[in-house]
Protein chains: 2
Amino acid sequence: MANGTGPQAALRRRNLSRVLHAVATGDKSRAAVAAEVGLTRATVSTLVDDLIAAGLVSELGAQRPGTVGRPGTALALSARGPAGIGAEVGVDHLAACVVDLRGTVRARATVESRNRGRAAAQTLGELEGLVRQVTEEAVGLGLRPAGLTVAVPGLVGRDHHTVLRAPNLGWKDERTTLTVENEANLGALAELWLSGGETPPGASGTPGTPGTPETPGAPTARTPLTDFIHVSAEIGIGAALVINGGLFRGARGFAGELGHVPVYPDGPRCSCGARGCLEQYAGEEAVLRAAGIAPELPGRLKALRTAAADDDAPALAALEAAGRALGIALSGAVNLLDPQAVVLGGPLSELAPWLLPGVRRELGERVTGGGALVVESRLGRDGVLLGAAYSAIRAVLDDPSEWTAR
Amino acid sequence: MANGTGPQAALRRRNLSRVLHAVATGDKSRAAVAAEVGLTRATVSTLVDDLIAAGLVSELGAQRPGTVGRPGTALALSARGPAGIGAEVGVDHLAACVVDLRGTVRARATVESRNRGRAAAQTLGELEGLVRQVTEEAVGLGLRPAGLTVAVPGLVGRDHHTVLRAPNLGWKDERTTLTVENEANLGALAELWLSGGETPPGASGTPGTPGTPETPGAPTARTPLTDFIHVSAEIGIGAALVINGGLFRGARGFAGELGHVPVYPDGPRCSCGARGCLEQYAGEEAVLRAAGIAPELPGRLKALRTAAADDDAPALAALEAAGRALGIALSGAVNLLDPQAVVLGGPLSELAPWLLPGVRRELGERVTGGGALVVESRLGRDGVLLGAAYSAIRAVLDDPSEWTAR
């Protein structure tokens, strides 16, 4: 079996991960897994036994009535094994959830919280209370916490323990022992997971179809997306670039700063110091002001949606202008990157009916080769939190050896 | 030796390529090659013998005086083996060159030619004459033609035999038996080659330092660039994105259309149908008009450079505005991609002293995290042609088995 690329332990780690990824892409027998990963049935059976013993995989029983014994038994990811914990710091809320290996949300909590200008230590302290609450709930269900990722609306350092800037929280160079990640990146990861476009480690070729997470809308058949721009927004506007089935972070980890792409270069001054950034036209605060809604109002986005649905002229004009600005900035991005699609996610996606016409019109006029596919995320504002939980699950799938060794 | 990933022939092909890439990254002994690629000395020696017999590798003689025999003999890429042929269709010129495996230009020809609005068949026919001329010259020097790539200022189809649009030539959906590629992509490939940032096939880890091509300025030590935006311009403005040491082409092959990134969204109508594209401010024609120089004038770019050097006010203002527009468009690109650097290449690079201040000022004001490294290509306007020749050389390095089998 040795292929000369490293010691036995590394090989075993890799093979365990390959088997687990194969199981994750759909319930199948040991024989089917062996055929998929290109290992012998005996090797696969040993690895599967280890994964079952570790509680990562479970047997569903005979696949076809009439056949007996292990070879025909379908395997699935366990609903009681390791679980990913996701948490989210929003400007006005905190959230935490636990997701099992199959992608099902098993525990969840959200609280309103005024986090703008509040000390990071205080905000994160409150968040940790929420995390403890959902974790205890999940442990009670037989799940084992496998890792926590905290989504933040800001730039995160390469160490994933520093929030370099989160202007809408008032954070600058905040260090934490928690693992943090930019919210737009996590929203994109969730979308990638759902679309089945992600590339497993060491794999080349067809991406798999992962387990079906609990989602607001049932997933429909769609070409797996491997190259897309994921736009996400709460107060700021962030984007994440997915290239070749993986997150593209850039040289310093700052890729995806769509909110600071210039739209009208001589426009109003932005919080970043430049003029005419997208955020000045399509950021939540800019849109609310233009619509005549106080940006501090609780439930302000709902108020904006209601006003738009009621054909309120200032609200419609504000959303039309925001859609146009978003379309202009995205036209530049699409001309540069030529992605398969632009995915609109986060709270912004709830305003899609009013934003998308302007976005699509600008893309249609400005993109070389004629327009771009724009789709709404099926995860909506849940994408960020699910993506945070999923990043821990992904770590288990990529290296299950830590769990089988226990 | 078998590692189970495929038949012997595929393994031998891959190992030949790994050995050849190792030789390409600097003269070294068989023992050093074996250590680098992780194969036994015996295997490497057999592969090297095949590569020498095929004329792809040559022995430089004993590395250290006092040591004798093959193990101490340095290997280098052959100066008489396969050679890449590059050709270029410009709006006002045609060019062809032959480059050997070491990266040295061995034959070269350029002619002035009014190609705007001329039938593609006629232009390509004249180009083929030029290609024949340099090829005959190279064959006389003992080189063997290994492939031809033609650089065009336009969008190229995925088959690399169709020019979908080249508005400045007046081409639309032109099919050819020649292999064509977008000029900005080839300029980026040349820069990647020169910087040593490219990723050899199947390799992970440190990129190599390839042979030294003949360049206007001597290469200096620089961090290998693996992620950069290469801007290149003749009449239009194109860019190429290099990501993880390779060219990023996008879903339809249209990535890098920097010239149609919106700069002033309500600005003048562009040839693409949209308004306010970068090309309307920093394209050669726009700059020449603003400087009061006839865009049809032969030697017009030289005239512009001379005027700028003479502190001619309209020329300076035109270049200042162009630099500003380029900086605005690049700010968006850098905020999205967070590259290691922006490389300015093509004929535009000859105007760098007047363009760069505006580019750098806009990037400094608009880029999240503060500015971006902007460097001039050391290849200048030669980059595109060298990149075209190099793409054939790269094909030899990636699969030398076709040559060893002869």
Side-chain angles (χ1 to χ4, degrees), chain A residues 1-5 38-39 155 164-165 226-229 239 241 243-244 248-266 270 272-278 324-325 327-329 331-341 362 365-370 372-373, chain B residues 1-5 38-39 155 164-165 226-229 239 241 243-244 248-266 270 272-278 324-325 327-329 331-341 362 365-370 372-373:
Chain A
M1 283 312 300
N3 64 4
T5 58
L39 295 170
L155 285 184
L164 302 173
R165 319 177 354 165
T226 55
D227 294 89
F228 59 93
I229 301 173
L241 311 181
I243 291 180
N244 292 334
F248 181 75
R249 296 173 188 276
R252 297 167 303 171
F254 294 177
E257 282 287 296
L258 184 70
H260 300 287
V261 165
V263 173
Y264 298 100
D266 302 319
C270 182
C272 76
R275 288 191 174 279
C277 300
L278 175 61
R324 181 169 189 234
I328 292 168
S331 295
V334 170
N335 276 332
L336 286 166
L337 289 162
D338 186 23
Q340 291 170 292
E362 294 298 326
E365 284 172 12
R366 297 180 186 279
V367 169
T368 300
L373 178 66
Chain B
M1 284 310 301
N3 63 3
T5 57
L39 294 171
L155 286 183
L164 302 174
R165 327 178 343 170
T226 55
D227 295 89
F228 60 93
I229 301 172
L241 310 182
I243 291 180
N244 292 333
F248 181 73
R249 296 173 188 275
R252 299 167 302 171
F254 294 177
E257 281 287 296
L258 184 70
H260 300 287
V261 165
V263 173
Y264 298 99
D266 302 318
C270 181
C272 76
R275 289 191 174 279
C277 300
L278 175 60
R324 181 167 189 237
I328 293 168
S331 294
V334 170
N335 276 332
L336 286 167
L337 289 162
D338 186 23
Q340 291 169 292
E362 294 298 325
E365 284 172 12
R366 297 181 185 278
V367 169
T368 300
L373 178 66

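Small disclaimer: the values here were computed from a predicted structure and weren't measured.
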Exercise. Which one of A:R249, A:R165, A:R275 has the most heavy-atom pairs closer than 4.5 Å to chain B?
Worked result: A:R275
Exercise. Hey, which of B:A274, B:G38, B:A251, B:G250 has the most heavy atom pairs under 4.5 Å with chain A?
Worked result: B:A251
Seminar exercise, completed: Scored by heavy-atom pairs under 4.5 Å with chain A, the best of B:L164, B:D227, B:I243 is B:I243
Exercise. Of the backbone (N, CA, C, O) and the side chain (C-beta and beyond), which part of A:A239 lies under 4.5 Å from a heavy atom of chain B, both, or neither?
Worked result: neither
For this session: Test side chain to side chain contact (heavy atoms under 4.5 Å, CB included) on A:L337 and B:F248 and set out the steps.
Result: CA-CA 8 Å; A:L337 289 162; B:F248 181 73; 4.1 Å; yes
Exercise. Side chain, backbone, both or neither: which part of A:L155 has a non-hydrogen atom closer than 4.5 Å to chain B?
Worked result: side chain
For this session: Could you check A:L258 against B:L336 for side chain to side chain contact (heavy atoms under 4.5 Å, CB included), going step by step and ending with a plain yes or no?
Result: CA-CA 6 Å; A:L258 184 70; B:L336 286 167; 3.9 Å; yes
Problem set entry | salt bridge (Lys or Arg N to Asp or Glu O under 4.0 Å) partners for B:R324, two or more places apart | A:D266, B:E362
Problem set entry | B:P339 versus chain A, the contacting section by heavy-atom distance below 4.5 Å | backbone
Exercise. Of the backbone (N, CA, C, O) and the side chain (C-beta and beyond), which part of A:L241 lies under 4.5 Å from a heavy atom of chain B, both, or neither?
Worked result: side chain
For this session: Kindly give the heavy-atom pair with the smallest separation between A:P262 and B:I328, and that separation in Å.
Result: CG-O, 3.5 Å
Problem set entry | ring pair (Phe, Tyr, Trp, His ring centres under 6.0 Å) partners of B:F254, counting only residues at least two apart | none
Exercise. Taking the side chain from B:N335 and the backbone from A:E257, do they hold a donor-acceptor pair closer than 3.5 Å?
Worked result: no
Exercise. Going from OG1 on A:T368 to CZ on B:R252, what distance comes out if it is rounded to the nearest 0.5 angstrom?
Worked result: 8.0 Å
For this session: Would you check if the side chain of A:R366 reaches a backbone N or O of B:P265 as a donor-acceptor pair within less than 3.5 Å?
Result: yes
